[in-house]
Amino acid sequence: MFQAVTGGVIALLLSTIAYFLKLLVQDLRQMGKELGKLKEVVVRLQTEQALVKSLLQKADLVNKSRKSRPCA
């Protein structure tokens with residue numbers, strides 16, 4: 001009788017552990033997908049930042065050249 005109860009408790013504990021491991025694996029997979037999306041967004045933002053920086057540098061050069069010219 002004692003062995004049957006002990007076996008039942010152990011089976012219940014193992015099934016609970018298996019359930020939580022399943023949830024953990026699902027969360028890790030989902031987190032991997034989200035990380036991929038995040039990396040993609042970071043690359044886009046870096047590209048946009050480089051574009052804006054180059055545009056601002058060009059505008060700054062144009063403004064400096066206009067200021068250095070003597071007015072006629």
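Sequence positions, counted from 1, serve as the residue numbers for this chain.
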Engineer: Through direct or indirect side-chain contacts below 4.5 angstrom among Ile, Leu, Val, Met, Phe, Trp and Tyr, which residues connect to V25?
Structural biologist: none

Engineer: Rounded to the nearest 0.5 Å, how far does CG of L61 lie from CG of L56?
Structural biologist: 11.0 Å

Engineer: Output the rest of the hydrophobic cluster of V42: all Ile, Leu, Val, Met, Phe, Trp and Tyr residues reachable through side-chain heavy-atom contacts under 4.5 Å, sorted by chain and number.
Structural biologist: none

Engineer: Could you name each residue pair satisfying side-chain hydrogen bond (donor to acceptor under 3.5 Å, both in side chains) that touches residues 13-38, not counting sequence neighbours?
Structural biologist: none

Engineer: If a pair satisfies side-chain hydrogen bond (donor to acceptor under 3.5 Å, both in side chains) and one of its residues is in residues 42-54, list it, with sequence neighbours excluded.
Structural biologist: E40-R44

Engineer: Does I10 have any side chain to side chain contact (heavy atoms under 4.5 Å, CB included) partners at least two apart in sequence or in another chain, and if so, which?
Structural biologist: T6, L14

Engineer: Tell me every residue that passes side chain to side chain contact (heavy atoms under 4.5 Å, CB included) with L24, counting only those two or more places apart in sequence or in another chain.
Structural biologist: L21, L28

